[in-house]
Amino acid sequence: MMVVRRALALLRKAVVEVVDLVVAAGAAALMALVRLVPERTAANVAGTVARVVGMRLPVTRRVGLPNLKLAFPEKSEAEHRVILAECWDNLGRIAVEYCQLDRIWDFDPKTMRGDRVTFNETSLAHYVTLRDDGKPAIVIAAHLANWELPMVAAAAHGLDAAALYRAPNNRWIARWVRGQRRVAMGELVTSRAGAVNRLSQILAENRHVGLLADQYFYDGIRAPFFGHDTLSNQMFARLARIHDCPVHAVRVIRLPGDRFELELTGALDLPRDVSGRVDPAGAVVVMNALFERWVREHPGQWLWLHRKWRGDDTVTRKEARRRARGA
């Protein structure tokens with residue numbers, strides 16, 4: 001019986017491997033095909049298709065609309081649907097832009113011009129300081145517009161930075177994606193056990209760390225976002241507390257004509273405790289307030305399809321373990 005079970009397990013593993021390989025080959029072929037089409041034409045088509053199809057998917061009804069009802073109770077359902085349609089359009093465009101990241105960034109800091117990208121003088125000054133001061137720093141971002149572009153900008157202009165990212169479950173796609181991203185985005189740290197230690201090591205080397213920090217975080221700190229408590233990612237604050245380094249924030253704004261504006265803040269004024277070290281709980285409140293302001297300015301460019309709010313009865317894994325022990 002044991003031999004049969006092992007044989008079946010090996011067979012299932014082999015089937016999964018073959019399916020994953022076929023899917024990965026199909027994805028690679030599709031991306032190669034997309035690169036043959038003029039990028040803006042492909043983005044327009046992808047945005048329209050995503051808007052039409054996405055608004056009919058269950059996630060729109062189950063996640064997107066409830067999120068918008070919480071965030072904007074003063075708006076009608078029709079207004080919520082307009083925002084969600086823009087969200088889907090943005091996602092469709094990102095899918096195409098992801099295949100062409102190496103072609104999008106064309107900003108020239110000498111002329112302060114770019115056909116696809118703009119970068120105001122204040123943001124550029126912050127960027128140059130980060131690049132040249134020889135000190136570590138953390139840059140946080142939200143899932144706004146094309147959120148991949150800040151790391152593209154860093155790689156294009158010599159900012160020594162590494163970003164945390166979640167690898168696809170398909171190992172063939174993960175390997176291919178990692179190779180593609182490295183070309184345009186520099187070092188990537190896979191989100192898994194040991195990732196925080198690697199990020200800490202990067203900061204100890206006087207380099208920079210980029211973090212997308214706006215999604216629900218199971219082991220996070222409870223803090224308000226659009227007036228409703230949610231578990232928020234405090235990793236940036238803990239790292240800043242350990243290394244006593246500044247935290248900046250960056251956002252991307254999608255402009256008409258598939259152009260982009262990047263805005264990089266100066267060092268955020270984060271609360272500190274009596275010992276003078278960054279207070280993670282207070283830092284998360286500051287981050288959420290900033291991200292909320294940015295989302296309110298361009299609501300259709302944020303990722304509303306993620307379960308950001310999960311109810312007041314949701315507890316962190318640490319809290320659950322403490323309760324299980326009777327602590």
Next item on the list: Using the side chain to side chain contact (heavy atoms under 4.5 Å, CB included) rule, take Arg296 and Phe226 through it: C-alpha gap first, then chi angles, then the decisive distance, then the call.
Entry: CA-CA 9 Å; Arg296 286 183 181 277; Phe226 281 87; 3.4 Å; yes

Review point. Is a side-chain N or O of Ser232 found less than 3.5 angstrom from the main chain of Gly220, in a donor-acceptor match?
Key: no

In this structure, SG of Cys245 is separated from NE2 of His208 (nearest 0.5 Å) by 9.0 Å

Review point. Are the side chain of Glu261 and the backbone of Ile253 linked by a donor-acceptor contact shorter than 3.5 Å?
Key: no

Under 3.5 Å, side chain of His228 to main-chain N/O of Ala71, donor-acceptor pair present?
no

Taking atom CZ of Arg293 as the centre, does the number of heavy atoms from other residues, nucleotides or ligands within less than 6.0 Å exceed 12? yes

Separation between CG (Leu264) and CG (Leu159), nearest 0.5 Å, reads 9.0 Å

Exercise for the section: May I ask you to check if Arg116 and Phe260 form a cation-pi contact, with NZ or CZ under 6.0 angstrom from the six-membered ring centre and within 45° of the axis? Expected result: no

Any side-chain donor near an acceptor of the partner, His157 and Trp105, under 3.5 Å
yes

* Any luck finding a side-chain donor-acceptor pair between Trp88 and Thr60 under 3.5 Å? -> yes

**Request:** Check whether any side-chain heavy atom of Val139 sits under 4.5 Å from a side-chain heavy atom of Val209, and report yes or no.
**Result:** no

Student check: side-chain heavy atoms of Gln215 and Asn233 closer than 4.5 Å | no

ring-ring contact (aromatic ring centres under 6.0 Å, His included) with Trp302: of Phe225, Phe291, Phe72, only one passes, and it is Phe225

So OH of Tyr98 and CG of Asn146: to nearest 0.5 Å the spacing works out to 11.0 Å

CG of Leu268 to NE2 of His248, rounded to nearest 0.5 Å, is 7.5 Å

Assess the side chains of Asn44 and Thr41: does a donor N or O sit below 3.5 Å from an acceptor N or O? no

So for atom CZ, which belongs to Arg62, do other residues, nucleotides or ligands contribute more than 12 heavy atoms lying within a distance under 6.0 Å?
no

Residues pairing under side-chain hydrogen bond (donor to acceptor under 3.5 Å, both in side chains) where one sits in residues 126-145, two or more places apart or in two chains, turn out to be His143-Asp214

- Quick check: does any side chain N or O of Asp106 sit under 3.5 Å from a backbone N or O of Asp115, one acting as donor and the other as acceptor? yes

Looking at Gln301, is its backbone amide N or carbonyl O close enough to the side chain of Glu86 to form a donor-acceptor pair, meaning the two atoms are under 3.5 Å apart? no

dist Leu211:CG -> Ile140:CD1 (nearest 0.5 Å) comes out at 8.5 Å

Problem set entry | Derivation and outcome, side chain to side chain contact (heavy atoms under 4.5 Å, CB included), residues Asn90 and Leu303 | CA-CA 9 Å; Asn90 184 63; Leu303 186 61; over 6 Å; no

- Query: Run the side chain to side chain contact (heavy atoms under 4.5 Å, CB included) check on Arg307 and Tyr216 step by step: do they pass?
  - Reply: CA-CA 7 Å; Arg307 290 182 60 220; Tyr216 186 91; over 6 Å; no

Is any side-chain heavy atom of Pro271 closer than 4.5 Å to one of Val286?
yes

d(Arg238 CZ, Arg277 CZ) to nearest 0.5 Å is 10.0 Å

- Item | Verdict with supporting geometry, Arg207 and Asp160, salt bridge (Lys or Arg N to Asp or Glu O under 4.0 Å) | CA-CA 6 Å; Arg207 299 169 63 202; Asp160 191 358; 3.0 Å; yes

*asked:* For a side chain to side chain contact (heavy atoms under 4.5 Å, CB included) check, start with the C-alpha distance between Asp279 and Arg272, then their side-chain angles and the critical distance, and finish with the verdict.
replied: CA-CA 5 Å; Asp279 171 41; Arg272 294 179 179 265; 5.6 Å; no

Quiz item: Side chain of Asn67, backbone of Leu305: donor and acceptor closer than 3.5 Å?
Solution: no

